[in-house]
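Notes to accompany the following structure.
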Amino acid sequence: MARKIAVVTGASSGIGAATAERLAAEGFELHLGARRLDRLEAVARPLGAHARFLDVTDRAGVAEFCNRVPACHVLINNAGGALGLEPVAEADESRWRWMFDANVLGTLRMTQALLPKIEASGDGHIVIVSSIAGLEVYEGGAGYTAAKHAETVLAETLRLELMGRPVRVTEINPGMVETEFSLVRFGGDQERAAQVYEGMTPLRAEDVADCIAWAVSRPSHVNIDRIVVKPREQVSATKVFRS
Ligand code: NAP
């Protein structure tokens, strides 16, 4: 039997890279995309995966990437992230624009481009990596939480619109995961990024990949709507126990 095909966006690091590794172990043929091609190829090579440049903020580029995917059973919309932690009064509009473009519109573009193939697979699955920021808010986080709330809405709406069609929709909502997320958020400031996880044990990217792999490997008639997964020491977006 031919292997099922999965597409993972933002597979050059963190949750996307770990998910690619898990899905390869589950037997998927993988098509991986991200902007840092050297990093992406380093992830793809040992997995025998296809790696191609992908910027989810570029509609024409998304179309080109998706045209080269021969078929698609599973789409993991993972590319994205946060920029900054300023209060609304001081928010930088260009950062908000990037957060909406990469997280929300990136998911929209990839989903639109691949939906015909996902449906044609006869057993398709769209996974949206949102966040607990898609369900909660916190001070300084409005640009990111608004974008992640929009991804949550996108997942819920898609599930309604795809009713009766052979496509499952799952939203993944992680709490704190130690990846390059905080480094990107704080513009490469290593010290500030490290402080985010001080005195607590965050999730590893592999923990989230585990949730994704579980959701996509349930029998076809089972739709996992949402998985909220946090470190034991994190009880909400704003409450974290630190020793
Ligand atoms: P990460 O290590 O920074 O990974 C982000 C990935 O997204 C990278 O592979 C990056 O690759 C890719 N990406 C960013 N912009 C892109 C674009 N325009 N086009 C294509 N790829 C792009 O952080 P992560 O934690 O794994 O983040 C993955 C997802 O999980 C994000 O959606 C994030 O919001 C979500 N999340 C993270 C956490 C957390 O605490 N870490 C918690 C909840 C949810 P390139 O730079 O090579 O393009």
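Every value quoted in this text rests on a predicted model; they were computed, and no experiment measured them. Numbering of ligands and ligand atoms starts at 1, following listing order. Any value given below was found using the heavy atoms of this structure, including those in side chains, with hydrogens, waters and symmetry copies removed.
Annotation for R242: atom CZ counts as buried by contact number, over 12 foreign heavy atoms lying within 6.0 Å. Counted within 6.0 Å of CD on Q195, heavy atoms from surrounding residues, nucleotides or ligands total more than 12; the atom is thus considered enclosed.
Around atom 7 (O) of ligand 1, the closest heavy atom drawn from A102, G80, A209, G106 belongs to G80. The option from N78, V8, V129 that lies nearest to atom 31 (C) of ligand 1, judged by heavy atoms, is N78. If you check each of I132, V177, L54 against atom 40 (O) of ligand 1, the one with the closest non-hydrogen atom is V177.
On a distance-only criterion, I15 and ligand 1 share at least one N/O pair closer than 3.5 Å. Looking at ligand 1, you won't find any N or O of Y197 less than 3.5 Å from one of its N or O atoms. Here's the thing with K148: one of its N/O atoms is less than 3.5 angstrom from an N/O atom of ligand 1. Between V56 and ligand 1, a contact under 3.5 Å exists for at least one N or O pair.
One side chain, S94 or D92, offers a donor N or O that lies under 3.5 Å from an acceptor on the other.
Every atom of ligand 1 with a heavy atom of G14 under 4.0 Å away is listed here by number and element: 2 (O), 26 (O).
Contact check on R226 versus E156 returns a salt bridge, with a Lys/Arg side-chain nitrogen under 4.0 Å from an Asp/Glu carboxylate oxygen. For E86 and R95, the salt-bridge test passes: some basic side-chain N is under 4.0 Å from an acidic carboxylate O.
Neither the backbone nor the side chain of A17 has a heavy atom within less than 4.0 Å of ligand 1. Proximity of F65 to ligand 1, defined as any heavy-atom pair under 4.0 Å, is not found for any part of the residue. Of the heavy atoms in M176, only backbone atoms (N, CA, C, O) come closer than 4.0 Å to ligand 1.
The two residues T179 and A205 come nearest to each other via the heavy atoms CG2-CB, 4.2 Å.
Side-chain contact between E29 and H31 is present, with at least one heavy-atom pair separated by less than 4.5 Å. Counting heavy atoms from C-beta on, the side chains of Q112 and R59 come closer than 4.5 Å. Using a 4.5 Å heavy-atom cutoff, the side chains of L32 and V43 are in contact.
From the protein, the heavy atom lying nearest to atom 21 (N) of ligand 1 is A79 CB, 3.4 Å. Protein heavy atom in closest approach to atom 25 (O) of ligand 1: T179 OG1, 2.6 Å. For atom 1 (P) of ligand 1, the closest heavy atom belonging to the protein is S13 OG, 3.5 Å. With hydrogens left out, the protein atom closest to atom 15 (N) of ligand 1 is R35 NH2, 3.2 Å, a heavy atom. Scanning all protein heavy atoms for the shortest distance to atom 42 (C) of ligand 1 gives G175 O, 3.1 Å. When only non-hydrogen protein atoms are considered, atom 44 (C) of ligand 1 lies nearest to S130 O, 3.1 Å. Shortest contact from atom 33 (C) of ligand 1 to any protein heavy atom: Y144 OH, 3.6 Å. From the protein, the heavy atom lying nearest to atom 10 (C) of ligand 1 is S12 OG, 3.9 Å.
Grouping the Ile, Leu, Val, Met, Phe, Trp and Tyr side chains by contacts below 4.5 angstrom, directly or via other members, places M99 apart from L183. Criterion: ILVMFWY side-chain heavy atoms under 4.5 Å apart, direct or through other members. Under it, L54 and L23 are not part of a common hydrophobic cluster.
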